Each structure stands twice: as C-alpha cells, then as structure tokens.
Asks: 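So that we are looking at the same thing, I have put the structure below in structure tokens.
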Amino acid sequence: MSHKDEATREALASELGELKDKYSHLQQAYTKLRHQTSASQHGQPEDKLYRGTNLEAVSELGHS
C-alpha cells in the first residue's frame, strides 16, 4: 500500500470514528427527548437536565 493510500485510509478511519461518536451522542439525546415527551404526555414534570440536553441536541442537529 502506498503512503498516499495509507494516509487516506487513516483519515477515513479517523472521520469514521468521529461520525460514530456524533451518532452515539445524537442517539442518546434522541432517547432523552423521547423520555421527556413521554413524561410530559403523562402529566409528569419535565426534568431540567433532559430539557437542557434536548436543546443542545436540537442545536447540534441544526448545525449538521
């Protein structure tokens, strides 16, 4: 494998790792958002932690 191919492979592997991390973060935020929505539909008070996390997730989705 040439040096150029190896560098490309390493760059793509790094990008894949970053995308996996971002996906995991968004998946967690989505799960929290579903929990918040479910709780508010059942008359339970909103958790400020979930609300803050959801605002962060929505903001991040808007920048993707």
Side-chain angles (χ1 to χ4, degrees):
M1 186 179 291
S2 73
H3 292 292
K4 183 178 178 182
D5 290 341
E6 184 66 28
T8 300
R9 181 179 174 273
E10 289 177 13
L12 290 172
S14 175
E15 186 176 345
L16 177 61
E18 291 172 13
L19 290 172
K20 284 181 177 181
D21 289 343
K22 188 172 186 175
Y23 175 78
S24 176
H25 176 75
L26 291 173
Q27 189 176 34
Q28 290 171 2
Y30 173 75
T31 299
K32 290 177 183 179
L33 180 61
R34 281 186 42 202
H35 176 78
Q36 175 193 352
T37 302
S38 175
S40 65
Q41 287 176 351
H42 293 97
Q44 298 173 3
E46 285 186 22
D47 185 319
K48 290 181 182 179
L49 173 63
Y50 287 133
R51 185 171 44 214
T53 302
N54 292 334
L55 291 174
E56 178 184 325
V58 169
S59 175
E60 186 172 330
L61 286 172
H63 291 90
S64 295

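Quantities reported herein were computed from a predicted structural model and do not represent experimental measurements.
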Asks: For the residue pair T31 and Q28, establish whether any side-chain heavy-atom pair is separated by less than 4.5 Å.
Replies: no

Asks: With a cut-off of 3.5 Å and sequence neighbours excluded, list every side-chain donor-acceptor pair involving residues 8-20.
Replies:
from: T8; atom 1: OG1; to: K4; atom 2: O; distance (Å): 3.0

Asks: Apply side chain to side chain contact (heavy atoms under 4.5 Å, CB included) to D5 and list each qualifying residue two or more places apart in sequence or on a separate chain.
Replies: M1, S2

